[in-house]
Structures are given as structure tokens and as C-alpha cells.
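Remarks on the structure that follows.
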2 protein chains.
Amino acid sequence: MHLNLFVYPGGHHEAAWRHGSSDPDRLLDVGHYQDLARSAEAAAFDGVFFADGPSLADNVRYASRFRLEPFTWLSAIAAVTERIGLIATASTTYTEPYNLARLFASLDHLSRGRAGWNIVTTGAPQAAGNFGLDSHPVHAERYARAQDFLEAVTKLWDSWEDEALVADQRSGLFADTDRIHTVDHDGPLLKVRGPLNIPRSPQGRPVYVQAGSSEDGRAFAARHAEAVFTAHQTLGSGQDFYADIKKRAARLGRDPRQLLVLPGISPFIASTEAAARRLHEEFNELTQPEYSLQLLHRLLGVRLSQEELDGPVPRELIETDGERGNGSRFRLVLDIVEREQPTVRELLHRLAGARGHRVIAGTPEQVADQLQQWYEEGAADGFNVMPPWLPGGFDLFAEHVVPILRQRGLFRGEYSGRTLREHYGLPRPASRYAAPRGAAAAVPVA
Amino acid sequence: MHLNLFVYPGGHHEAAWRHGSSDPDRLLDVGHYQDLARSAEAAAFDGVFFADGPSLADNVRYASRFRLEPFTWLSAIAAVTERIGLIATASTTYTEPYNLARLFASLDHLSRGRAGWNIVTTGAPQAAGNFGLDSHPVHAERYARAQDFLEAVTKLWDSWEDEALVADQRSGLFADTDRIHTVDHDGPLLKVRGPLNIPRSPQGRPVYVQAGSSEDGRAFAARHAEAVFTAHQTLGSGQDFYADIKKRAARLGRDPRQLLVLPGISPFIASTEAAARRLHEEFNELTQPEYSLQLLHRLLGVRLSQEELDGPVPRELIETDGERGNGSRFRLVLDIVEREQPTVRELLHRLAGARGHRVIAGTPEQVADQLQQWYEEGAADGFNVMPPWLPGGFDLFAEHVVPILRQRGLFRGEYSGRTLREHYGLPRPASRYAAPRGAAAAVPVA
């Protein structure tokens, strides 16, 4: 079983920052995040994961919704850790391939092979204005660019063969330029000449992670991803997704074991189930309806007032057409509405935990049982652990759930590898330009 | 006197990596650079400085001319240091304002106020192809974008007032959105809506550093820069530049003391002058004419062969017209040719030291004398120290020159401040959106 710690300022419950166990003064303190990563490394977690997006959420008035920049933050974390993987979210819509390729190559070098890339196309339409665009590209356009972008950066990461860096003091040959290649990527949307200006990194490329579960997202993941982060409320939904994504990968000629499925899980843990439920309720009581109603509008397109909180969710007002309906999170929330027919307040509390990811409240054994069931019954290769609050919510998981998973033989006691690829059981890719030893390289630099 | 350590893979002499004192295996080892920064911090240096450019130099065949990515590398350095400033070079031509503003805001947060930005427009025309452009924008176009870019990012850094982050657990107000502002930058070339998604950083903005000495570069520096890195071969040239840039700043209504002039200096240090000259010669003997002739072509537009090394530099072949002639480095090299009438080989050895920056060889006292003279005679507020090789070339400076500068009362014995602004004696800028206490903010977020 693979486990990542998904780090979020304050924690994943929207009201975590208001809880007495939180210290809001540390939300911008890198030492707080370094401590979290050290704790996750002490628990032998596969990686830490940072979300990101290039815009500010309106509801920052009510919750810790600023955005730590992942490359700087993870580099500072790399400096105080040795083994744990470092997964940065980065957008293919709002970055340049050459710049992004450099950031990841550098992160992989300085961490000695621990970088992962959560490939996103950016869902928030307000990002467009921050980049001089009148409107956010629609879903299909963003995925077309993502495809083109991924090809371009993969070529850049391959542009130095492993043997290109020679550094022979006697002969004076620093780099064998016959083994450094222009990439001359000429895609439908992007042109990139190359080569990269950084030698090939320990993992060759960062581990490719993907988080969308829409149709476009699944097709992209099946083709390219080595790990998928996904949100499911029920075992059945998790199993369906797992079977579908593995089958798609196999159909494309890939080994399905090299595409890990990692659902999000946000656990409230206490010594009794009742105490865990009370803890969850304690957090829910700190939520602010203004915040949640904004979230609901963003997710479903429905604007409601505080007077409507105790009525049913008005199914007929949900905008199923148009751009919003393409997003995977939209369908997940719609499923909750249709399956559970909650009041507005009940739905808001469901979403408050982890923005649609699965929240469970129970004893350490109950949480471990849930993870084991999903793992053994074909819904997960591991989990993206999203503690409701930090650091305490993670400490409870590490101290009480991880030992049970180990006793059951489900999770490693210590690291056997050094790179994120090794933790995940993934091979190191060869450079596409690597020629058989002794043969001439195909496309030498001019 | 202010002192920065200009870090360059291997060192600034082009053949440094070939010298017996170098360890080419550590060129991509972040620990090597962390050690350098710790040494510079132990010497109470103002900052470490990283150059950058988004393309690969052709002559990487002969020298360590790959490019460490500054944000990742400096973040890893920030994690193991407490006081020293962290100056990253970044291009206004080949980045997006929103992304760059986030990287600097994060670096400033995680280092607790130590970030500096060396603002460049990118001189290397081969960068264009890495960003899908058919040709590199000409000098004037690049400076027009730099102006627009700087305005946009400055507004982004101001977009959160200092008091905007409230994080009051009781009331539930996380951020006072009346104190977070859209910037709605609508310049001739760039549009950026804002606000930034990161609270205002300890220094408000990174320290603005600039390194071009062309006419456009000087005009830009006089208006915006808080420190200027510059290359001069003679005291007279340094004095002329110093007087000119300070006068320009004063004419724009700025306090000239808030624009520091920091020439580059590359010192070969030994116990006698003769030994220092021999050391310099030892490095020059390791240079490779293929490398130097490529450099000469890039700087002057003159293609020469190895047969011509011992003849005069053919003044008549130098392309004084056109784009190349606008660059500040071009004029510096042309001055050497006209003043000293060197052979090609002599010129190449001059440039091998630090690509046109001043190289001196002498005893610690002689080096200190030179720095003191430039500092006291109106050519410098301090220096960008460019050790010929690393770490040894810096260690000699720190152990033998710095104590002399301290005895003479020219350089601090320990830090009195915590931020780069404090080291440089610069004020912390207020946010342009900051309203008088109690008054309504001007442009609240929608």
C-alpha cells in the first residue's frame, strides 16, 4: 500500500484553522511544513503532495485558501529530508514548458530523485485574468494543450542522455554534445526547440501524477499517468474507477501495475467511534455558511441563501449543461445529492471535510479496516491521506493507524528505495534519444 | 561596503572545472552550494547571487555552462541559512508576471525576508526557440516589456496589504478582503488582473537588482533598481558609471543612496603577487581555444580560427552595428581591444577569468587595497565577488581579505539586520493600496 500526505495550509477541513488545536501563526512558516514532511518521512510515507492553482479563491475571507508555491516550498522541504517523495502540482495551461521542465529537473536533482508532477489543467476560471486572457480555455482545449505540453516537456527531460555529462578534467570535454539533443517539438499548440539547459536528473523525469476523473482526465491518465489521485465516496465508485482506469491503461499496451490509483481519504480518529464523530461534529460547528455557499455555487452553479440551509438541495437548479458539467468534482457532488438527498446544510458539512473527498470518522482499527478493504477489494493501490487538521490530524494517523497497517503486512516498516519511483515501484524511463552504445546519436545539437 | 558571493557552477574562470582543486562530481550537488552559502554567511556577506538564462550555451562542450534553476536552488539554500540574502536572476522576457510574482513572494516568505530579484531581459537569442518564438525580441522591445512587467509584478506584491491576513479564530475572519486588491494592470504589453494568491511577504517585495549597463539598462536601473551589478575594467570607467547612475536616480527624485553600485571582481589570491599571477596563469593554461573563440564570436560577432590566436584582434571585423552593439558587455570588450590592443590569445585570457568582469591577482592586502580604492574613490558601494574557482577561491577571500576589510572598518563583523533590505540599508516599501487606518480601501476585491 502506498501512502502520501496531502499538505494543505491548516488542514483539509475548511474550518481547521479555527480549531483550538491549530496555530494560524504558522500557516506561512516553512518550518511548520518541514516538520510535517519529517513526520511523514519518519512514518515511511511515499511522498508529500502540494496542490496549487494560479489564482486566489474568493472565499479566502473565511478560510486559509491562499496558495503556497510548490517548487520553492518543496525545495526547502527537500533540504531537511532524505527519502520522502515531493509531489508538486503544476498547470499545463498557465506555465511555459521550458520553465516548468527546468523547475522539475532542478527539484529532482536537489532531492536526489524525489520529484513528482501532479499534472493539472487548472479548473478555476479566474486564473485567466491573471495571464491576460479574456476567458479561461474550455475543458477540451485545456486537455489538448496538456497533451501537447506533456510531449514537449518529456522531450526536454530526455534531451540530455544520461551519459552526456562527462566532466573529464584531462581531456577538457565537459559535455558530450553528441548526446545532447535539440527536441524541435512542433505540436498543434506549442513549439519548443531545446535542449534543456540542465543535465538529466536522477529519475530521468518526475513521476507523472494526474488528478482529474472526467472523461478527458481518464483518457489522459490512462495514457500518461503513473499515479492517479481520485475522489470517491463509496467503495463501489472506487472499484468502478479502479477497474476502468486499469483497463484503459492495459488497452493502450501499458502494464496496469505502473498506474497506481490513490483515492483521497480524510480521517477523524479517536479512541471510540462516538468520540471520532464528536470530533468531526466539533469541526463542522466551526464552518461558516457564507464560505460553504460560495463553494456550492462554484461546484454546482447553485446560489443559495442562509435561509435555505435546512431545506433540500434544489436538484432542478443544478446546471448540468455547459463547462461545469465536464469536471469530475461536479459529478461526485451530484452523486451525493442524488444518492443521499441531503439538506443543504448536510451537503455543506459533507463537503467541508475535504472538498468532496471521502471523510471517515472512527477508531484507528476502523480506519485501518476501511483502507484495507479498499486496497484488497480493488479500489485502491494506496491513499492520499488528507488530515482534517495539521499537524495533529496527521500525527494521530501516523501514531495509531500506520502501526496497524504494518502489523497486517499492508505498509512498509521502512524505506527500501531512495527515489519516488522506487517507493512507487516504477521503472526509471530511458531517454528517447539514447542510442545503442557506440552508435552515432540521432539528432546531435548543431 | 556590501559584498555578495556570485555563485557559478565550478567558479567564474572558464577552466575552473578542469583545475585540480575542483571536484566536478559536486557541480550538481546541492550540498556543495549550501556549503558555499554557509561560508558566505559565516563571513557576514550581504547575499549570494545566482545568474540564469532559459537556454543552453553551445560551448557547454568545453565548460560547466549548464544552468541551475535559481528558485529551487535558493530555496534549498534558504533552508540551511538564517541571514544571508538570496538573489535570483529571472527574465522578464520569458516568464509570466503572475508565476514569477508567486515564486519571489514564496522565496521571501520561506527565507523570512531575504529575496532579491536580478531583473534581466535575457541576452541569448537562442532562448526564443525554447518559447515557440521565431526570433528573440530586440533590445528595445525587451526593455519595453521589462518596464511593463515590473509594474505588473510590483502591483501583485502590493495586492495584499500587510494587515490583510487576519486569521482570527473567534470571528472566523481569515483574510480582510477589503485589504486585498485586484490590480487590473493593463499595460502596453501585459494584462494582469490579480490579486496575488499569497499574503504580502516580509520584505514587501524582493530587492530589485539590475545588471545591464547599456543606455536602456541604465535608464531602467536609475528608475527601478535598488542595486546594480556592473562590469568595469578600470577605476575611471567604474567612477564614470557610478556618477552617471547616481545622478540619473537623483534626477528622478530618488535618494541615490538607495541605489547601490556593485561591480564584479574576480580575485586570484596568494601570499605574494608573483604567486597570485602564477595561479592565474595556471588557470589560463587550462582554457580551450574552441570555447574562447565561440565566446568571442558571441560577444563581438567575429569568427576566428586557432591559427589567428597570436595575431592582433581584427578591429575592422567587429560588428559595431546592429543588435549586438546595444549590449553593455559588447562595449566593455571593445574598450579592452581599443585600449590595450591585445593579441587574440591575450584577449581570450582576459575574458576567461570572468567573462569581461575585472580579474585581479595579488596578495590579500593588494586585493583589499583595490576594493578600498574603488569604494572610497566613488566607483563602488560594494562588490559582487566572483571567485575564479569554488569553493577554494572564495575561502581564500573570506579567510584573508575579509579580515583586512574589517580591520580597516570597511566591512561588517557581524549582521545587524535580518533581511536583505536591512543588510543593504534599504527601506521596506509600503503597499500602494494601503489606506490610512480607518479609511476605506480604494479598490476592494469584488
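In the text below, chain A, chain B and the rest are named by the order of the sequence lines, each starting its count at 1. Because the structure is predicted, anything quoted here is derived from the model rather than measured.
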I'd like to verify something: which residue of [options] has the highest number of heavy-atom pairs under 4.5 Å with chain B?
options: A:Ala101, A:Ala78, A:Ala63; value: A:Ala63
options: A:Leu173, A:Asp176, A:Val30, A:Val192; value: A:Leu173
options: A:Ala105, A:Ala167, A:Ser106, A:Gly129; value: A:Ser106
options: A:Arg65, A:His185, A:Gln288; value: A:Gln288
options: A:Ile198, A:Leu133, A:Asn99; value: A:Asn99
options: A:Ala15, A:Gly10, A:Pro24, A:Ala127; value: A:Pro24

Using a 3.5 Å distance criterion without hydrogens, assess whether the side chain of [X] forms a donor-acceptor pair with backbone atoms of [Y].
X: B:Gln169; Y: A:His19; value: yes
X: A:Glu96; Y: B:Thr95; value: no
X: B:Asn197; Y: A:Ala57; value: no
X: A:Asn130; Y: B:Gly194; value: yes

Review point. Looking at OG1 of A:Thr177 and CG of B:Asn59, how far apart are the two atoms once the value is rounded to the nearest 0.5 Å?
Key: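 Separation between the atoms: 10.5 Å.
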- Item | Between NE2 on residue A:His109 and CZ on residue B:Phe66, distance to nearest 0.5 Å |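 Those atoms lie 8.0 Å apart.
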Quick one: of [options], who has the most non-hydrogen atom pairs under 4.5 Å with chain A?
options: B:Leu103, B:Leu156, B:Leu107; answer: B:Leu103
options: B:Ser55, B:Gly132, B:Ala79; answer: B:Ser55
options: B:Trp73, B:Tyr62, B:Trp160; answer: B:Trp73
options: B:Asp186, B:Val166, B:Asp168; answer: B:Asp168

Please name the pair of heavy atoms, one in [X] and one in [Y], separated by the smallest distance, quoted to 0.1 Å.
X: B:Ile180; Y: A:Val60; value: CD1-CG1, 4.2 Å
X: A:Gly172; Y: B:Arg18; value: CA-NE, 3.5 Å
X: A:Tyr98; Y: B:Leu56; value: OH-N, 4.0 Å

Mind running side-chain contact (heavy atoms from CB on, under 4.5 Å) on B:Asp29 and A:Arg112 for me, showing each step along the way? CA-CA 9 Å; B:Asp29 173 3; A:Arg112 297 189 172 79; 2.9 Å; yes
### Worked verdict on A:Tyr33 versus B:Leu110 for side-chain contact (heavy atoms from CB on, under 4.5 Å)
CA-CA 10 Å; A:Tyr33 300 91; B:Leu110 69 84; over 6 Å; no
- Hey, what's the ring geometry for B:Trp17 with A:Phe174, parallel, tilted or perpendicular (30° and 60° as the breaks)?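 Answer is perpendicular, since the angle exceeds 60°.
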Test side-chain contact (heavy atoms from CB on, under 4.5 Å) on A:Arg102 and B:Asp52 and set out the steps. CA-CA 11 Å; A:Arg102 294 188 65 208; B:Asp52 197 40; 2.6 Å; yes
Validation row, ring centre B:Phe71 to ring centre A:Phe71 under 6.0 Å: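 Not close enough - the centres of the two rings lie 6.0 Å or further apart.
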